[in-house]
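Quick notes on the structure that follows.
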There are 4 protein chains.
Amino acid sequence: MGRRRNPDRQRQILDTARRLFGSRGYHATQIADIAESLQIGHGTVYRYFSNKRDIYEQVFDEVVAQYAAALTHEAPGQANSLEEYEAQLRRISATLTALFGEGPEGLRLTLQAQTIDDAMRERFQCAMSAFSAVSAMRLQNGIAKGFLRADLDAIATADLLLSATFEAVRKTAEASDPAAAGIRYLEASIGLFIRGVRA
Amino acid sequence: MGRRRNPDRQRQILDTARRLFGSRGYHATQIADIAESLQIGHGTVYRYFSNKRDIYEQVFDEVVAQYAAALTHEAPGQANSLEEYEAQLRRISATLTALFGEGPEGLRLTLQAQTIDDAMRERFQCAMSAFSAVSAMRLQNGIAKGFLRADLDAIATADLLLSATFEAVRKTAEASDPAAAGIRYLEASIGLFIRGVRA
Amino acid sequence: MGRRRNPDRQRQILDTARRLFGSRGYHATQIADIAESLQIGHGTVYRYFSNKRDIYEQVFDEVVAQYAAALTHEAPGQANSLEEYEAQLRRISATLTALFGEGPEGLRLTLQAQTIDDAMRERFQCAMSAFSAVSAMRLQNGIAKGFLRADLDAIATADLLLSATFEAVRKTAEASDPAAAGIRYLEASIGLFIRGVRA
Amino acid sequence: MGRRRNPDRQRQILDTARRLFGSRGYHATQIADIAESLQIGHGTVYRYFSNKRDIYEQVFDEVVAQYAAALTHEAPGQANSLEEYEAQLRRISATLTALFGEGPEGLRLTLQAQTIDDAMRERFQCAMSAFSAVSAMRLQNGIAKGFLRADLDAIATADLLLSATFEAVRKTAEASDPAAAGIRYLEASIGLFIRGVRA
DNA sequence: AATGAATGAGTTTTCATTCAT
DNA sequence: AATGAATGAAAACTCATTCAT
């Protein structure tokens, strides 16, 4: 492949791929679509990536890393009261919503990992488990400190919280007025979760 | 002279397609895979369906119809107290879990509608909106009758409940011990929702 | 193939094949179309013919035989004057028109021999040459007897007469009022030929 | 980013398709045959044409346009005497013969339009009617000006002339010595027509 | 004898990938 | 380095033919 001369190009390709894979889907997006969208020759794409799957993999990794950053930025043991836990949830939601402000592609995109090959399926499962585990640790911390209810099933509840959080982000990104939708879904989810898990 | 004499074949193909489209994905599943899985020639598939997309469409419709049946079986205005609402939620969860007892394919499968073509994308959006609307009506009923909190954002909350419910079903279907997981996710979600929405 | 039990069936299949091959074309006509048109199972067709090409071959032979009968019924040396030659032409035209009264399929059908395989292409060429040769002999007879012009190129003119005769038959068969069209094309062609070839 | 950079390729494919569709027939010619004949990959064909039918359609249009140019080049009202009409016929024949000097494919090819689909069948009928109409106008002109016989059925005779003209061209193109055959068929047809139609 | 479900060889068509310019 | 023409493996789809009932 030689040296990669233009570092912007790589970035542009990843961004475009993220947008197209996310909106149309991996299989419905051709390399030529990505190239055309950037007004470059489609052969050029192969100077920066070895194949289509490679592009997907890098996009997937970036999206997952962004989720991970948003979800793990707040150390699980940090919150000492319900108020602090709520503030944590609000910060996480805000970060996710900001990340996916451009559109709902990121979330759809990761789900498609399951339709690519066994290796990607595996990586997807793994990432989701990790997110869930962090969320569960946050709940465990609250139970231990007594501000979340003692009978809470941390693991199962973490999955539910995570899925609802993603849904809130997705709906926000899809909305015609994302700012308003963001507030609405944020309040609805905080209102639901805090009442649902507090001691 | 009649067409399609063997109704079992059609059923078998739909079931196999549902399983494969759900697990490997639509694009990763070839007509030949479906045929091979049934130990029939691939030409046979075309005696029962006009093309691959036609198979997907019928599978999609069946899955959506099953969701719809589970979600709408309970009339939205039926519940008159929090206890009745909880019982409703439990029945819905039980029905969904039973439906997807065989595996988590159904849910994954419907998401893929978005990667097939614009028409399927449209149908998917439409189905999801309908489910959400029914869920929201159930919440509105509770607010009107005073057993759910007055400040509840019925529409946004309905989306969150729906997504968490699907997640619970999915996790249950995927679990190594579905029976145990079912009870666990059911209790976790009921515990979360009821506290989250009650007056 | 065993015994062919129902001789009518064979006839019906040939007639239907002639109609469909002629109107839609050989390749655009499926065995199933022929069977459906007769309200029989398409497997039944194979009790009477060994394959699709075999049906075509028999239909082709029948059509060619009918042409041949019409064109050769009148012995080439029979006519002794222009009036007798004209009467001959009229009888030939009448016979052909009667044969193809049902429709213009016959003529179109034979042309398709060229798109089936080399062997059929060969047979087609051969049949056309034979027709042309008979027509040329008729002209030679007239030249020899002095009622056709001496400078006539019998071979080339025979080809032209033949093609125009077929065109007249085709147009007649296609017309909305075949009886009227038949008279019209007959008079036009006789008017043209007789003046064109007489001494 | 532009499409179809190599205009020669498109031309080569059209020429090869014309030759093969004309000689073997549309259905007996595979895309792979066209590609192989040009020593290119069969995928390449699809860079220039969207599908097989599209190639046929373009070839058909070209052939029909060539006929049309030859037949309509001479304005129908131009001839003022039998000599001028004869000269017109000779020029038309010469043009057609020159066009189909390469071989008899063009004529056979157009006939196959009837075996492709209803739309092509329609276009074929339409083109033939137009040719016939122009030929008829030429005859009407001669009748009006008195150098063709008054009792001539212009419409019917035009069909006969057209079919015989095509036959002459076809025979010429097929002949082992096209130059000699061309003169022979030209003289035979002029000799027949002029005598057949003059006043 | 008749049937039509099943079959798979044979085509068309797509699109990721290569490579000469 | 960038390009896009060319490629061909792979997948969808068709339909003549077979054969169990």
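Residue numbering restarts at 1 for every chain, and letters A, B, ... go by the order of the sequence lines.
C/Gln58 places no side-chain N or O within donor-acceptor distance of the main-chain N or O of C/Leu14, the cut-off being under 3.5 Å. A donor-acceptor pair under 3.5 Å is absent between the side-chain atoms of A/Tyr56 and the main chain of A/Ile116, judged by distance alone. Of the possible polar contacts, one joining the D/His27 side chain to the D/Thr115 backbone as a donor-acceptor pair under 3.5 Å is found. Under the 3.5 Å distance criterion, the side-chain polar atoms of A/Gln114 are matched with a main-chain donor or acceptor of A/Leu111. Between the side chain of C/Gln66 and the backbone N or O of C/Leu99, no donor-acceptor pair lies under 3.5 Å.
One can place CD of B/Gln10 at 12 Å from P of E/dA6, the figure rounded to the nearest angstrom. The distance from atom CG of C/Leu38 to atom C1' of E/dA1 is 16 Å, rounded to the nearest whole Å. Put simply, OH on B/Tyr48 is 18 Å from P on F/dC13, counting in whole angstrom units. One can place CD of D/Glu36 at 12 Å from P of F/dG8, the figure rounded to the nearest angstrom. Separating the CG atom of C/Asp8 from the C1' atom of E/dA1 is a distance of 15 Å, rounded to the nearest angstrom. Rounded to a whole Å, the CD1 atom of D/Ile40 is 7 Å from the P atom of F/dA6. Atom CD1 of C/Ile116 is separated from atom P of F/dA16 by 12 Å (rounded to the nearest Å). Between the P atom of E/dT3 and the CD1 atom of C/Ile34 lies a distance of 15 Å, rounded to the nearest Å.
Nearest-nucleotide positions on DNA chain F for D/Val45 and B/Arg53 put D/Val45 closer to the 5' end.
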Just to be sure I follow the notation: if a pair is Watson-Crick (purine N1 to pyrimidine N3 plus N6-O4 or O6-N4) or a G-U wobble (N1-O2 and O6-N3), each under 3.5 Å, what dot-bracket string does DNA chain E give, with | for pairs to another strand? .||||||||||||||||||||

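Atom CD of B/Gln125 sits in a crowded spot, with more than 12 heavy atoms from other residues, nucleotides or ligands closer than 6.0 Å.
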Identify the pairs formed between an N or O of the protein and an N or O of nucleotides 9-12 of chain E at a distance under 3.5 Å, and give each distance.
residue : atom : partner : partner atom : Å
E/dA9   : N6   : B/His42 : NE2          : 3.0
E/dT11  : OP1  : D/Gln30 : OE1          : 3.1
E/dT11  : OP2  : D/Gln30 : OE1          : 3.1
E/dT11  : OP2  : D/Gln30 : NE2          : 3.4
E/dT11  : O5'  : D/Gln30 : OE1          : 3.2
E/dT12  : OP1  : D/Lys52 : NZ           : 3.0
E/dT12  : OP2  : D/Ile31 : N            : 3.3

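Distances shorter than 4.0 Å separate some side-chain N or O of A/Arg47 from OP1 or OP2 on F/dA1. Between D/Thr44 and F/dA5, a side-chain N or O to OP1/OP2 separation shorter than 4.0 Å is absent.
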What donor-acceptor contacts under 3.5 angstrom involve side-chain atoms of residues 31-42 of chain B, with partners at least two apart or in another chain?
residue : atom : partner : partner atom : Å
B/Asp33 : OD2  : B/Arg24 : NH1          : 3.2
B/Asp33 : OD2  : B/Gln30 : N            : 2.9
B/Ser37 : OG   : B/Arg19 : NH2          : 3.0

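Atom NZ of A/Lys52 is separated from atom CG of A/Asp54 by 13.0 Å, given to the nearest 0.5 angstrom. Annotation: the span from C/Arg123 atom CZ to C/Thr110 atom OG1 amounts to 12.5 Å, rounded to 0.5 Å.
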